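Reminder, nothing fancy here: chain letters follow the sequence lines and each chain counts from 1. The structure presented is a predicted model; accordingly, all values stated were derived computationally and were not measured.
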Amino acid sequence: MPAKTNKRKTPSRISLDTETTGVDFHHDARPFLVTTCDPSGELLFWEWDVDPETRQPIVPPSDLEAIRERINSVDELVLQNPKFDLAALDTLEQLGIRSTWDWPWHAVRDTLLAGHLLASNKPHDLTSMALQYLRVKIDKYEAAVEVATKEARNIAKTQFPKWRIATKQGKGMPSAKDKTWKYDMWLPRAIANELDYPERHPWWTVTSDYANTDSSVAIALWAAMEAEIERRGLRKIYNERLRVLPVAYRMEKCGITASEERLNELRVRYKEESEESGRICVNIAKDFKDPEGNPYELTLPKTGANNSLRTFIFDVLKLPVVGRTDTGAPSLDKDAKAIYLNTLPPRSKQLRFMQNLADKASRDTAIQYMDSYERFWVPLGIYNEMGEQAWQLWHRLHPNLNPTGTNTLRWSSNNPNEQNISKKEGFNLRYPFGPAPGREWWSCDAKNIELRIPAYESGEEELIALFERPDESPFYGSNHMLVFSILWPELWGAAIEEVGLDKAAAYCKKKYASTNYQWTKNGNFAVQYGAVDRPGGEGTADIAYHKPGGQRLIASRFSKQDNLNQQCISHAERFGYVETMPDKTVDPERGYPLLCTRSDYGKIKPTVPLNYHVQGTAMWWMQGAMIRCDGFLQEINRKKRLTGYSGYHLVMQVHDELVFDFPAGEGSEPWKMNLPIIREVQRLMEQGGDNIGLPTPVSCEYHATSWSEGVGV
DNA sequence: CGATGTAGCACC
DNA sequence: AAACGGTGCTACATCG
């Protein structure tokens with residue numbers, strides 16, 4: 001034990017950065033260089049040879065021991081996106097080099113989180129932030145690596161055909177798209193080694209020079225950022241933000257399970273149907289003549305549209321243009337297709353063509369998503385004790401999560417994106433996802449949180465009443481139905497006449513399902529997402545509402561909420577940002593600052609401030625929910641001594657929904673085993689409402705087999 | 001051939 | 001002028 005001292009010492013700190021052979025750590029990507037730097041600028045780094053035929057680094061165990069010692073000897077560990085480096089180092093475990101990394105989360109400081117907190121809508125990459133905060137340009141080091149690596153790739157391709165150069169469709173690197181050279185930064189040194197380049201040749205050090213620049217910039221950057229965080233009074237909020245890092249890391253590591261059988265069931269069906277529709281389209285096209293007078297040979301696109309299809313539709317069939325793209329070109333998106341389906345003459349070849357084209361497009365889209373899930377997944381059973389069958393038919397995806405990926409506090413997700421998995425009727429791609437054998441899933445959803453926030457914050461009684469008394473006549477908690485009654489009082493009145501006040505809502509919802517009620521929903525979404533309303537003028541949601549002056553009518557009915565909108569706009573115009581609602585458990589004085597988008601002329605876009613304020617507040621709420629739930633589940637796992645995938649896990653976040661993967665209950669009522677745990681999860685989520693001062697109820701569903709099939713509890 | 005921009009579409 | 005907010009991925013088209 002070190003002696004206690006009264007002298008307050010400056011915390012010792014280092015920065016750490018890792019270079020890797022890719023980003024797919026659950027496939028073949030591995031680290032090959034670790035660099036550290038202390039505040040005086042002193043560097044200490046470890047660079048490993050990479051076997052060019054396997055792309056695996058050759059790592060002396062003593063190096064890992066040295067890295068571990070260096071990490072554990074300091075009070076603060078500065079990184080740019082820490083979970084990336086940890087995920088990289090964690091892969092070395094699989095090489096049998098180390099047992100575990102006891103990563104000091106308490107010591108971690110993240111320049112990426114700091115970058116978002118200080119300037120939420122500015123770039124957060126190290127190069128941009130070095131320029132912004134330190135006035136240092138470091139892009140030349142990356143440029144040098146790019147030139148060297150590209151040249152080294154060319155040498156390898158011609159002289160060493162057995163070497164595994166990164167490619168788009170390369171095995172073990174499903175994320176590789178463009179810029180594959182970034183996966184080969186180990187290559188210049190490998191070539192220098194293989195071809196006995198002289199000691200002074202730059203390729204020996206071009207990559208380590210680049211990496212070392214990053215670690216020395218990171219340590220200086222954190223000093224600058226920390227001072228700025230302090231100056232702006234954001235320390236408490238920053239400290240709270242740090243708590244999401246281990247949560248996100250664990251979510252990525254656990255990932256989500258998917259059934260190969262169920263995925264193939266959907267894919268085989270869609271493929272057959274798509275091919276059939278495609279054949280019909282090509283045959284119909286042959287009945288028409290191309291400009292030379294020959295039967296039109298249509299080449300269908302894999303997805304979307306191509307020139308062959310555009311020419312056929314607009315030049316040969318001469319269908320009218322019903323929509324334009326951003327650049328003014330005739331559109332063939334699903335809205336345009338819907339218009340054609342509703343307007344082309346019945347039993348015409350044109351209509352039949354369009355029907356089959358639309359059928360094909362929706363199936364092709366679904367197939368495209370499923371192909372990408374298959375590309376990214378890894379077989380189950382490497383780390384746990386699944387049975388033989390499960391090993392073969394179940395897989396795991398490890399989507400990447402970016403807590404700083406948006407202009408607000410929403411997270412983004414990629415490789416693959418877990419947040420846009422279709423739940424469309426007839427194309428529910430959540431069907432293949434769900435609990436593996438011996439497991440069960442639960443999903444918990446914050447009910448209407450983005451509508452509640454502005455209603456409660458502004459004190460809009462009529463809307464609050466809907467949320468408070470969802471079972472009461474006449475609207476039964478339905479915001480859409482309330483708005484419907486305001487927009488079309490005559491329809492609403494007639495319904496009351498017809499069936500009485502208590503049944504009017506159900507009656508209207510059914511009778512006007514595809515007309516006025518659908519328009520109401522469309523308009524409400526437009527308003528929620530910031531459609532512009534000008535007093536006395538026409539609101540941009542009016543078109544969606546199908547009601548001239550509709551948006552103004554709603555805004556004046558909900559004048560308090562309208563005031564909140566104006567307040568957010570004024571605040572943003574004055575300060576450039578809005579804040580989320582303060583969280584009394586973090587900093588009762590202030591919320592998270594979100595910079596608002598400006599137009600090219602420097603003015604705040606008026607559609608943005610309220611939207612960011614609400615979206616940001618909802619996601620601050622979600623962040624707290626995730627931190628509390630993860631802590632609770634970790635505690636259960638510790639008490640029950642459940643390790644690895646066998647325990648209780650938070651595995652997914654889709655903005656207002658969390659998904660959990662638990663050990664399965666047994667018997668005739670299996671959901672009962674974990675019901676007390678999910679009730680506590682529900683309570684921990686709802687608790688966030690107290691922190692911001694409004695009720696935030698959460699609904700929970702049990703999934704025995706699939707994410708697409710849930711039972712409310 | 002690689003790089004870049006556009007179109008289209010999935011989610012909340 | 002801004003005119004409906006936030007994302008990620010794939011295919012296609014074009015250009016050097």
Checklist entry - Which part of the nucleic acid does A:R430 contact within heavy-atom distance under 4.0 Å: base, sugar-phosphate only, or nothing? => result sugar-phosphate

Checklist entry - What nucleic acid atoms does A:R324 come within less than 4.0 Å of, heavy atoms only: base, sugar-phosphate, or nothing? => result nothing

Item to check | Residue pair A:W442, A:Q682: steps toward the side-chain contact (heavy atoms from CB on, under 4.5 Å) verdict | outcome: CA-CA 11 Å; A:W442 294 84; A:Q682 184 180 30; over 6 Å; no

Next on the checklist: Under 4.0 Å, heavy atoms only, any strand: does A:Q615 hit a base, just the sugar-phosphate, or nothing?
Outcome noted: base

Next on the checklist: Quick check for you: among B:dA10, C:dA3, C:dC12, whose closest atom lies nearest to any side-chain atom of A:K302?
Outcome noted: C:dC12

Item to check | A:V608 side-chain proximity, nearest of C:dG5, C:dA13, C:dC9 | outcome: C:dG5

Next on the checklist: Just N and O in the side chain of A:K423: are any of them under 4.0 Å from OP1 or OP2 of B:dA10?
Outcome noted: no

Item to check | Aromatic plane relationship, A:F160 with A:W163 - under 30° parallel, 30 to 60° tilted, over 60° perpendicular | outcome: parallel

Checklist entry - Between C:dA13, B:dA7, C:dG8, which nucleotide gets closest to the side-chain atoms of A:N306? => result C:dA13

Checklist entry - So what does A:L610 touch, heavy atoms closer than 4.0 Å: a base, only the sugar-phosphate, or nothing? => result nothing

Next on the checklist: Is the phosphate of B:dA3 approached by A:K168 (side-chain N or O, under 4.0 Å from OP1 or OP2)?
Outcome noted: no

Next on the checklist: By the 4.0 Å heavy-atom rule, please label A:K177 as base, sugar-phosphate, or nothing.
Outcome noted: sugar-phosphate

Item to check | Mutual orientation of the aromatic rings belonging to A:F312 and A:F353 [parallel < 30°, tilted 30-60°, perpendicular > 60°] | outcome: tilted

Checklist entry - Would you call the rings of A:Y592 and A:W620 parallel, tilted or perpendicular, where under 30° means parallel and over 60° means perpendicular? => result tilted

Checklist entry - Do the ring planes of A:Y517 and A:F484 sit parallel (below 30°), tilted (30 to 60°) or perpendicular (above 60°)? => result tilted

Checklist entry - A:Y612 side chain N/O closer than 4.0 Å to the phosphate oxygens (OP1, OP2) of C:dG6? => result yes

Checklist entry - Are any of A:S422's side-chain N or O atoms less than 4.0 Å away from OP1 or OP2 of B:dC11? => result yes

Checklist outcome for this item: Of the listed C:dA3, C:dG8, C:dC12, the closest approach to the A:P301 side chain comes from C:dC12

Checklist entry - Under 4.0 angstrom, heavy atoms only, what part of the nucleic acid is A:I421 near: base, sugar-phosphate, or nothing? => result sugar-phosphate

Checklist outcome for this item: Of C:dC12, B:dA7, C:dT10, the nucleotide closest to the side chain of A:T327 is B:dA7

Next on the checklist: Given C:dG5, C:dA13, C:dT7, identify the nucleotide with an atom nearest to the side chain of A:N407.
Outcome noted: C:dT7

Checklist entry - Does B:dC9 have OP1 or OP2 sitting under 4.0 Å from an N or O in the side chain of A:K334? => result no

